Asker: 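Starting off with a structure, shown below.
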Number of protein chains: 2
Amino acid sequence: MILKSQVEWALHCCAILAGLPEGRYLSTKALAEFHGLPKEYLSKALQSLSQAGLVHTTLGPSGGYRLARTPAELTFLDIVEAVEGKARTFVCNNIRENNPCRPQGYCESSPCAVSRFMWEADEAWRAKLRSVRLSDLTEALAQEIPAELWKSSFEWVLERAG
Amino acid sequence: MILKSQVEWALHCCAILAGLPEGRYLSTKALAEFHGLPKEYLSKALQSLSQAGLVHTTLGPSGGYRLARTPAELTFLDIVEAVEGKARTFVCNNIRENNPCRPQGYCESSPCAVSRFMWEADEAWRAKLRSVRLSDLTEALAQEIPAELWKSSFEWVLERAG
DNA sequence: TTATTAAGGATATAAAATATCCCTATTCCA
DNA sequence: TGGAATAGGGATATTTTATATCCTTAATAA
């Protein structure tokens with residue numbers, strides 16, 4: 001069970017978009033080039049962010065993406081779920097229905113204990129993701145990336161932002 | 001990102017093995033029949049449990065599986081990791097290396113903030129799974145399964161246990 | 001001796017992830 | 001006003017993973 005690489009791409013793209021000045025847009029092309037990613041496929045991940053309402057888009061030259069909310073109002077969970085979906089990571093196939101001792105027509109009322117425990121763990125994962133804001137990420141990145149690289153990266157981005 | 005159905009199978013099988021009297025063994029065939037699962041494929045999941053040291057096996061007629069530890073000493077994490085593997089659910093492909101502004105030969109010292117946050121969430125998931133013992137599962141099942149079905153199921157199992 | 005079992009290798013099939021391509025409507029700009 | 005660039009989305013291809021089956025081997029109980 002491994003998350004799609006699109007999750008990683010979306011998080012890095014949002015980190016870049018978080019640093020974009022008010023009203024500017026950044027295209028798929030620029031984001032793909034900056035991260036060394038396949039443009040067409042990255043586009044699908046960005047479309048997922050758009051459909052989830054996390055980013056705004058415009059068309060035409062100088063079009064592209066910008067965040068729909070402030071980085072403090074965007075969580076890791078928002079981004080992960082936009083790309084990966086909201087479905088739980090554990091699916092109950094209700095195999096207890098196959099118990100040969102089970103009376104005919106007997107109907108299970110609620111999810112079995114196995115599912116419940118697994119879903120609690122899933123929720124713990126989501127709770128942690130929910131607690132991390134995009135602004136936490138950009139602060140951490142600003143700390144760990146050398147000031148010079150940080151600066152030149154944003155110059156690179158701004159040259160291409162519409 | 002969805003866990004293998006083998007995880008669900010392994011958990012249900014361990015719950016059954018937890019109720020097996022000391023020194024008895026239950027075969028793949030019986031476990032597959034009880035849960036309505038493909039015997040050959042379930043066998044792979046049970047082999048994973050065996051390789052992880054969670055169950056003991058014997059060969060021959062009346063052979064099969066029994067738990068290697070008490071249900072209180074077996075956690076959900078043990079079982080999930082035995083089947084699903086111990087690898088983290090988020091893989092860092094280090095796409096920051098593709099940053100066109102990055103100096104030649106510049107070598108990132110440590111995992112980037114994206115990975116760290118994602119791995120924290122992964123660890124929260126594992127911590128929750130680690131906190132649930134197999135004995136917690138059997139207690140919950142004993143509560144929610146009608147007494148009659150619970151009883152007849154174990155009679156069914158004992159008839160087939162070697 | 002015979003039947004039954006777990007283990008594991010080889011292979012087949014189905015589903016999901018990872019792309020790529022192409023068409024459309026919109027928007028900017030010369 | 002026309003041409004270029006953009007997001008959106010549908011169709012399709014490729015690769016990887018999950019699911020499943022088959023077969024052989026060694027061990028074991030009756």
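Quick caveat: nothing in here was measured; it's all calculated off a predicted structure. In the text below, chain A, chain B and the rest are named by the order of the sequence lines, each starting its count at 1.
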Asker: Between A:T28 and A:M1, which residue's closest nucleotide on DNA chain D lies nearer the 5′ terminus?
Answerer: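 Nearer the 5' end of the strand: A:T28.
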Asker: Taking 4.0 angstrom as the limit, do B:R126 and B:E81 come out as a salt bridge?
Answerer: yes
Asker: State, to 0.1 Å, how close A:N93 and B:E8 come at their nearest heavy-atom pair, and which atoms those are.
Answerer: N-OE2, 2.8 Å
Asker: Distance check needed: D:dA7 C1' versus A:L26 CG, whole Å only.
Answerer: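 It is 13 Å, rounded to the nearest whole Å.
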Asker: Where does the angle between the aromatic ring planes of A:F76 and B:F117 fall among parallel (under 30°), tilted (30 to 60°) and perpendicular (over 60°)?
Answerer: perpendicular
Asker: Please report whether the ring centroid of A:Y25 lies less than 6.0 Å from that of A:Y65.
Answerer: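 Judged by ring-centre distance (under 6.0 Å), A:Y65 and A:Y25 do not meet the cut-off.
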Asker: Less than 4.5 Å apart, any side-chain heavy atom of A:M1 and any of B:K4?
Answerer: no
Asker: Please state how far atom CD1 in A:I2 lies from atom P in C:dA15, giving the value in whole angstrom units.
Answerer: 21 Å
Asker: Are side-chain N/O atoms of A:S135 and A:E139 paired as donor and acceptor at under 3.5 Å?
Answerer: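 No, A:E139 and A:S135 have no side-chain donor paired with an acceptor closer than 3.5 Å.
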Asker: For DNA chain C, what residues of residues 34-52 of chain B have any heavy atom nearer than 4.0 Å?
Answerer: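 Result for residues 34-52 of chain B: B:K44, B:Q47, B:S50, B:Q51, sorted by number.
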Asker: Pair A:E123, A:R130 - check salt bridge (Lys or Arg N to Asp or Glu O under 4.0 Å), show working.
Answerer: CA-CA 10 Å; A:E123 181 50 35; A:R130 197 181 290 117; 3.3 Å; yes
Asker: C:dA6 P sits how many Å from B:L54 CG, rounded?
Answerer: 16 Å
Asker: I'd like to know if B:K128 pairs up with A:D122 as an ion pair, taking the criterion as any Lys NZ or Arg NE/NH1/NH2 lying under 4.0 Å from an Asp or Glu carboxylate oxygen.
Answerer: no
Asker: Is any side-chain N of the basic residue among B:R66 and B:E22 closer than 4.0 Å to the acidic one's carboxylate O?
Answerer: no
Asker: In whole Å, I'd like the distance from the NZ atom of A:K4 to the C1' atom of C:dA19.
Answerer: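 Taking NZ of A:K4 and C1' of C:dA19, I get 13 Å after rounding.
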Asker: For residues B:S152 and B:E148, is any side-chain donor paired with an opposing acceptor at under 3.5 Å?
Answerer: no
Asker: Please tabulate, one pair per line, each protein N/O and nucleotide N/O from nucleotides 25-30 of chain D that are separated by under 3.5 Å, including the distance.
Answerer:
none

Asker: Give the rounded distance in Å between these two atoms: CG of A:L31 and C1' of D:dA7.
Answerer: 13 Å
Asker: B:Q6 has an atom CD; how far is it from atom C1' of D:dT19, in whole Å?
Answerer: 8 Å
Asker: Taking only side-chain N and O atoms of B:S27, does any of them lie within less than 4.0 angstrom of OP1 or OP2 on C:dT4?
Answerer: no
Asker: Return the value, rounded to whole Å, for the distance between atom CD of A:E84 and atom C1' of C:dA16.
Answerer: 11 Å
Asker: Is there a donor-acceptor pair closer than 3.5 Å between any side-chain N or O of A:W9 and the backbone N or O of A:L37?
Answerer: no
Asker: I need the residues from residues 153-162 of chain A with at least one non-hydrogen atom less than 4.0 Å from DNA chain C; give them sorted by number, or say none.
Answerer: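 Here the set is empty: none.
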Asker: What is the distance from CD of A:E8 to P of C:dA19, rounded to the nearest Å?
Answerer: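 Distance check: A:E8 CD to C:dA19 P gives 12 Å.
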Asker: Which residue, B:Y65 or A:L3, contacts DNA chain C at a nucleotide closer to its 5' end, judged by nearest heavy atom?
Answerer: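 Per heavy-atom nearest nucleotide, the more 5' residue is B:Y65.
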